[in-house]
Number of protein chains: 2
Amino acid sequence: MTETTGYSGGGFVHVKNPHLDSMEEDILYHLDLGTKTHNLPAMFGDIKFVCVGGSPNRMRAFAQFMQRELGLAGAGEELPDICAGSDRYAMYRAGPVLSISHGMGIPSISIMLHELIKLLHHAKCRDVTIIRIGTSGGLGIEAGSVVITDTAVDSSFQPRFEQVVLGDVVVRSTELDKDLAEELLACSREIADFPTLIGHTMCTYDFYEGQGRLDGALCSFSSEKKLEYLRRAYDAGVRNIEMESTAFAALCGLCGLKAAVVCVALLDRLQGDQIRASHEVLWEYQQRPQRLIAAFIRQRLGLGPAGRSQH
Amino acid sequence: MTETTGYSGGGFVHVKNPHLDSMEEDILYHLDLGTKTHNLPAMFGDIKFVCVGGSPNRMRAFAQFMQRELGLAGAGEELPDICAGSDRYAMYRAGPVLSISHGMGIPSISIMLHELIKLLHHAKCRDVTIIRIGTSGGLGIEAGSVVITDTAVDSSFQPRFEQVVLGDVVVRSTELDKDLAEELLACSREIADFPTLIGHTMCTYDFYEGQGRLDGALCSFSSEKKLEYLRRAYDAGVRNIEMESTAFAALCGLCGLKAAVVCVALLDRLQGDQIRASHEVLWEYQQRPQRLIAAFIRQRLGLGPAGRSQH
């Protein structure tokens, strides 16, 4: 069974669940928000950009960065965590930008996306662009390179996401918005101090055995078999590997959200498995997707090219 | 391909990776620990119990609770997060008890377990018992009931975990330690104020469609189909549903760790999908597995029955 990508009439987010209308209240449990306890249209109705990433600290830093980049009042002050009542996810806003953490892996990002998409629906948000800004392992690219995903693929290099529904497998498309990817690539040309490219992103359910690492608690394969697998991935067009993109692409696509995935490579997996760079180097790498997305949002808002770099 | 459960010689944790011995340094990246930067045997060599759960706040509260239950010096003081340099997981210790968060879903717990198992190996820990204390949806049981898992099953009710290794599927056993489950059930008889039972636990990759919820952003099935699926699960022996147990059972089993899963049910899924209880009620529910495990650890350490309840 294959489903098609959703169409969002009038720019609204498209929830595909006939049961939602008949619910008197919707509790977004893992976000600690709800339709009766919170005025979601007032809190979120003007959101135009949603940025998501694994780490809560990084997504707080991104919101603070956007406060400064957009010249918003209160820049430099501590931003409140909108989901403070739950420690499952963290959520911050800076003007029209919402910044949310999703933890690691497909199940964790799926829970967040289901509740986020319902939030955007209840809040009557329109024309929302959603971007995952993450970290990844690179494949045949320099550490610190930023990859804009054209297609998210699974561990067999196929552009599909398999979702179990009541015990049966449903296959979903993992297409992302091609125009948005090109727009982001054009933005990257303004930023000279790191390489940015477009490529396929492989999404796995596991960081160690699933990504062919030799340094997990279990490893039953040789270094040769590992490299043979990674080279096959490279030949199929894969330029980086992470753990959320297929589910992200599938869910956002079905709900009519224009979506992109922009991840920095923390290492080149053809060169090794362990992440050995210093905290300082890794921190600077993680700012790269943030700087690119800040330039993109400034451009979309007509604020001209990005000013200073993040500090 | 099926693998067999590991045997741990001399009570040591059994890593099954011939490459580890030849590594000069092992960086446990997501824990922000390493063999060169930290004296792991000195920090962790005397650990006998490892308790893991999804929420970082809950796992800190559990470590503080164990400080009091074990009558340790410094009880009541704030415990330091051993993984403070990373916001992926949180780790606390109270005497011989290590308390670690694992986030939500199989990929997230897998990363933590690979690094934890290597940590226990590097630290030369012996005779370690590992217990997941979590939250779950109940199936035909009262909200607040505690389920000790005898067998973790997948969404087809099968006792197996499918791990992708270099693009191929490897099937692993999800057996848990039967004697440990019985010992925990015996401990529960001391605690009269909530029901505890042994049953199968179903583990899914998704909270909404994967668990048959009608309240996600997407839902393509009827209430009747949902209940038909959940009743089939009940008839197969499933008493609760969560998102980590199969991977936890498989990885711990292969590495020779005696493992148990003890989860409280936050609701009965045959009655509904949304988690509607108040924060106070949910907080008290979440203490129930903690109180059971505290009684178990006190008994193992010869400290006699548990004194007061957690406050």
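Fair warning: this is a prediction, and the values are worked out from it, not measured in the lab. Residue numbers begin at 1 in each chain, while the letters A, B, ... track the order of the sequences.
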Taking all non-hydrogen atoms of both residues, which atom of [X] and which atom of [Y] are closest, and how far apart?
{"X": "B:Ser156", "Y": "A:Gly167", "answer": "OG-O, 4.3 Å"}
{"X": "A:Leu218", "Y": "B:Cys255", "answer": "CD2-SG, 3.8 Å"}
{"X": "B:Gly105", "Y": "A:Pro107", "answer": "CA-CB, 3.7 Å"}

Those residues that, when tested against B:Tyr205, pass ring-ring contact (aromatic ring centres under 6.0 Å, His included) (two or more places apart):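 By the ring-ring contact (aromatic ring centres under 6.0 Å, His included) rule, B:Tyr205 matches A:Tyr205.
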
B:Phe207: partners by ring-ring contact (aromatic ring centres under 6.0 Å, His included), with sequence neighbours left out: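 For B:Phe207 the ring-ring contact (aromatic ring centres under 6.0 Å, His included) partners, ignoring immediate neighbours, are A:His30.
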
Between [atom1] of [X] and [atom2] of [Y], what distance do you get to the nearest 0.5 Å?
{"X": "B:Met59", "Y": "A:Asp87", "atom1": "CE", "atom2": "CG", "result": "11.5 Å"}
{"X": "A:Asp215", "Y": "B:Asp26", "atom1": "CG", "atom2": "CG", "result": "6.5 Å"}
{"X": "A:Asp32", "Y": "B:His279", "atom1": "CG", "atom2": "NE2", "result": "4.0 Å"}
{"X": "A:Asp206", "Y": "B:Ser108", "atom1": "CG", "atom2": "OG", "result": "11.5 Å"}
{"X": "B:Arg88", "Y": "A:Asn57", "atom1": "CZ", "atom2": "CG", "result": "9.5 Å"}
{"X": "A:Met243", "Y": "B:Ile111", "atom1": "CE", "atom2": "CD1", "result": "4.0 Å"}

Which atoms of B:Leu28 approach chain A - backbone, side chain, both or neither, heavy atom under 4.5 Å: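 Neither part, no heavy atoms under 4.5 Å.
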
Which portion of B:Ser222 sits near chain A, non-hydrogen atoms under 4.5 angstrom: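 B:Ser222 touches chain A through backbone heavy atoms alone.
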
Evaluation steps, side-chain contact (heavy atoms from CB on, under 4.5 Å), between A:Tyr208 and B:Gln163: CA-CA 11 Å; A:Tyr208 286 98; B:Gln163 169 72 45; over 6 Å; no

Derivation and outcome, side-chain contact (heavy atoms from CB on, under 4.5 Å), residues B:Tyr29 and A:Leu266: CA-CA 12 Å; B:Tyr29 175 69; A:Leu266 300 182; 3.6 Å; yes

Stepwise side-chain contact (heavy atoms from CB on, under 4.5 Å) check, B:Gln274 with A:Met23: CA-CA 10 Å; B:Gln274 293 233 312; A:Met23 284 167 59; 3.5 Å; yes

Heavy-atom proximity to chain B below 4.5 Å, by part of A:Leu282: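 Just the side chain, heavy atoms under 4.5 Å.
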
Side-chain donor or acceptor of B:His19 paired with backbone N/O of A:Gly216 under 3.5 Å: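 Absent.
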
